Amino acid sequence: MINFAGSQSKVMEYNFRAIEEKWQKYWSGNQVFKASNHSGKPKYYVLDMFPYPSGAGLHVGHPLGYIASDIVSRYKRHKGFNVLHPMGYDSFGLPAEQYAIQTGQHPALTTEQNISRYREQMDKIGFSYDWSREVRTSNPDFYRWTQWIFLQLFNSWYDKETDKALPIAELITRFDNHGTEGTFAVCGLELAFTPEEWAGYDDARREDILQNYRLAYRAESTVNWCPELGTVLANDEVKDGRSERGGYPVVQKKMMQWSMRITAYAQRLLDGLDTIDWPEPLKESQRNWIGRSEGASIHFDIKDSEEKIEVFTTRPDTVFGVSFMVLAPEHELVDQITAEAYRESVQAYKEQAGRKTERDRMADVKTVSGQFTGAYAVHPFTGQEIPIWIGDYVLASYGTGAVMSVPAHDSRDWAFAKHFDLPIPEVVSGGNVAVESYDAKEGKLVNSGFLNGLDVKEAISRAIEEIEKKGIGKGKINFRLRDAVFGRQRYWGEPIPVYYENGVAQTVKEEHLPLQLPAVDAYLPTDDGEPPLARAATWSYHPEKGVVTASEGYPLETTTMPGWAGSSWYYLRYMDPANEDRMVSEKAEEYWQNVDLYIGGSEHATGHLLYSRFWHKFMFDRGWVSTREPFQKLINQGMILGTSAFAHRLKNKNEFVTASIARQVPTDPIHVDVNMVNASDELDIEQFRQWRDDVGNAEFALEGGKFVVTREVEKMSKSKYNVVNPDNICEEYGADTLRMYEMFLGPLEQSKPWNTAGISGVYNFLKKLWRLYHKDGDFIVSEDEPSKEELKSLHTLIKKVNDDIEQFSFNTSVSAFMICVNELGGLKCNKRTILEPLAILLSPFAPHIAEELWSKLQPSAGSISEVPFPQAEEQYLVEDTFEYPVAFNGKMRFKEELSLAMSKDEIEKHIISLEKTQGYLEGKSIRKVIVVPGKIVNIVV
RNA sequence: GCCCUGGUGGUGGAAUUGGUAGACACGCGGGACUUAAAAUCCCGUGAACAGCAAUGUUCGUGCGGGUUCAAGUCCCGCCUGGGGCACCA
């Protein structure tokens, strides 16, 4: 242990190392933060988004949210709440699998190592987590219940009448007794059969039908398939139609995949947003993602064909303006309807479109492309023939994958019509459709038969009426939200507990869960493109024996669950983490209910946060949870960005030049590790030479003996060599300084670049605070009565800190602490009446130093963590005068201290009578005097 | 492209939500203590102009307009950084 006071036994200075180690030991040794599931106190559940334990270790961005939630947790304990504040790991994921592919090491092993490192790093920051409740999504004890939930989803359907999920057994009973008659279920197809027909179906046929109702079901979906890698890629793994790794071609391919029928919950997910306290932009993101739109579905006949094209439109009023139709290139009817003469060009276009990802197609609005199929649709009202095209601006996954194009009133359709020289008939007046499309929902209908003369609004309902009357369609609510693809062609995820008996999906028995990941010889797909699990020798299922070798039993599912499976319900497991009989006991669930405060990044807005709400609502329907929403209040923390450093290398030369030269000549910027650059942006050249083989013998052009790098703000990431770990800071300044500094950086919600330049300010503050309680190394606190000034300073702080924590404005609290400590320092205050509340106030922010001071103030009182939080007393805060700023035409000229008891008139009279006022008037007359008591005086001349 | 979000001194940021722009902190400059250093403390610090000085004037919250007695804050139009867009987590 380092003692700054040298050999003296007394600790002269603030010795954070000793203090922090002492209290971290005390907290864990005494289980100070262990939460009980039984308490007379009100409960408060504070949750952090659990991290994915990556190989780079915890970086300074992670603790930002964790510190904030820890402050709230500690604050709530001081306020008399029974606080549940747990932490765990989202430990399934792609990076561990990639690493396993490269090194052959089992992902469980590297995951374990990464977790230990994360835990060590978190322990050093002094979080008040109840570690006895830790969860890991990759632990069989945990994913057993993820699999269990999957089985429940598989065995459920959605009843539109009661608007909730019900057991599939009930649906089967209904089919036995009434067929589809009288049941209104969310279903993938429009199905109708009688009980007799149902009775006649064999098991395979029945299962086929039930797949359309199950909330977890198999269906075809389009994926980015890379034949060379034999695997499916995420959109961001695809660059310009090629895989980012290796640069192999990627094609769009349809695949049978497990999916989740989240669309059944679209309306409830939308409505629920009004009941939760989340940031408005986040709710807005979810609303847009769900994308509810009202309109109509219309069926268009195809000339010389039995088939019909179904479209969804939000503008049925413009039906007379349809001059062509566009299908997504992947639309199932394309091949059927294409005329012989166009077959080749249609095929070519489909291939071209198949090379683009959906995102590329959405992003590129400048290039218009498409291909005529040679087929014609028939307009349902005019009987006119309408050419049918295919075009990649129509997405197969949205609506029906087909649009009725109204070029006059839709900008994408307009661009398409212009490009291919198709007619643009105007049907809503108000714009000039020869110049651009008129998309506004205002104006009168023209050239539209029975709709002529109506407003857009009237025309929409009239058109729907007419469409329904003709039996060619109906009014419909459409959602942009799609069912979520649930299967992944990966190893490191939860196995899906399903096996196939003669091709029919059957579920693994609950008593055989968890279905554990099998051993495989490599973490790659098989040679014929099967997922890694297909490599396992032991991967079949016997309903009596469980998992068996491939020689007996039935084949098990080989895809695994996506990253979001475990994170969709982990918050429930913390309530009752060791339960072996249920995912969470009724009693624990009843006590903790749901999360009171959830802190995490807004990048999860439409993924994790929507899926969790979906699963939670499903579990509510089936009676396993008693609340309708998982996260009552949510705060987004901003991202901490890294400041990358670049050394500039001359184009095509192995010579590096310092920043000032780099500005004048063409260079390639090369990322250099930020740890090799000092605060003045000077690079340690020797370290750099050793770091990269190819720079070993490079030349360096310096200026003034220095080599200077340039800086740029980017996302903090291992690949950009700009990751800063919290460890060094804990080492150099201590956890309390790190905690307060991260809060001091700025508002929690804002993203900001990491920069340690200001950290000494916070460190100095803690040293100053320490000196209030100590003199010459002795703890000296007096019992004297405090002065009015000291009380005012303290109570100003108490008020500020209470208000700020409630509003999650932690940066301003830190400033307030600094102001108060500066004031008390100036007053040489060492009075217990002031310093005791000060220590308690500080305890959520800098818990180690607060415990240490508390143990000296109250040697036998135990931990500070549950001592009641100070309350501000107004009597110490009242002011009787105010220094009024006096402005002329809005410009502040001077200040005048006046009693707050004065009326507006009195203030006005007083100010006008002042000599200074007359000086500023310069002889001009006063037009008006505005007096806002307690705020400002403004004189208009 | 679409959706969300940010832009204030050399730097991080503050501003009671329409009422003194720049709190607090870093950095920088000057000073005290010290043989010296560290540590600590004190003073100054948005820019330009005028003045020996106290001080004063003008400009100033990404850019251009507008509303208002008063705009960082409200409205309209732009520029620009960051995040998301369904298999990264």
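Sequence lines set the chain letters: A, B, ... in the order given, protein chains first and strands last, and positions in each chain run from 1. Note that the structure is a prediction, hence the values are computed from the model and not measured.
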Nucleic acid footprint by protein, nucleotides 71-80 of chain B - heavy-atom cut-off 4.0 Å, B for base, S for sugar-phosphate alone: ----------
Sugar-phosphate, base or nothing in reach of A:G601, heavy atoms under 4.0 Å: nothing
A:Y741: partners by ring pair (Phe, Tyr, Trp, His ring centres under 6.0 Å), with sequence neighbours left out: A:W754
Sugar-phosphate, base or nothing in reach of A:I930, heavy atoms under 4.0 Å: base
Side-chain donor/acceptor contact of A:R490 with base of B:C87 under 3.5 Å: yes
With A:Y118 via ring pair (Phe, Tyr, Trp, His ring centres under 6.0 Å) - residues at least two apart: A:H62
Which residues share a side chain to side chain donor-acceptor pair (under 3.5 Å) with A:S437, sequence neighbours left out: A:D439
Qualifying residues under side chain to side chain donor-acceptor pair (under 3.5 Å), relative to A:E97, sequence neighbours excluded: none
Under 4.0 Å protein heavy-atom contact, by nucleotide of nucleotides 1-8 of chain B - B base, S sugar-phosphate only: B-SSS---
Side chain proximity check, A:T231 to A:R490, heavy atoms < 4.5 angstrom: yes
Touch class at under 4.0 angstrom, heavy-atom based, for A:D90 against every strand present: sugar-phosphate
Contiguous pairing runs of three or more, Watson-Crick or G-U under 3.5 Å, that involve RNA chain B: B:1-7 with B:79-85, B:10-12 with B:24-26, B:27-32 with B:40-45, B:46-50 with B:55-59, B:62-66 with B:74-78
Those residues that, when tested against A:Y99, pass ring pair (Phe, Tyr, Trp, His ring centres under 6.0 Å) (two or more places apart): none
Sequence-distant partners of A:N822, side chain to side chain donor-acceptor pair (under 3.5 Å), two or more places apart: A:K768
Per-pair distances, 0.1 Å, donor-acceptor, side chain in residues 887-894 of chain A, under 3.5 Å, sequence neighbours excluded:
{"unit_1": "A:N889", "atom_1": "OD1", "unit_2": "A:V941", "atom_2": "N", "d": "3.2"}

Parallel, tilted or perpendicular: ring planes of A:F845 versus A:F810, cut at 30 and 60 degrees: perpendicular
Sugar-phosphate, base or nothing in reach of A:K891, heavy atoms under 4.0 Å: sugar-phosphate
Sugar-phosphate only, base, or nothing, as touched by A:G563 at under 4.0 Å among non-hydrogen atoms: nothing
Set of side chain to side chain donor-acceptor pair (under 3.5 Å) partners for A:T737, sequence neighbours left out: none
Reading 5' to 3' through nucleotides 22-33 of chain B, protein heavy-atom contacts under 4.0 Å coded B for base, S for sugar-phosphate only, - for none: -BBSS-------
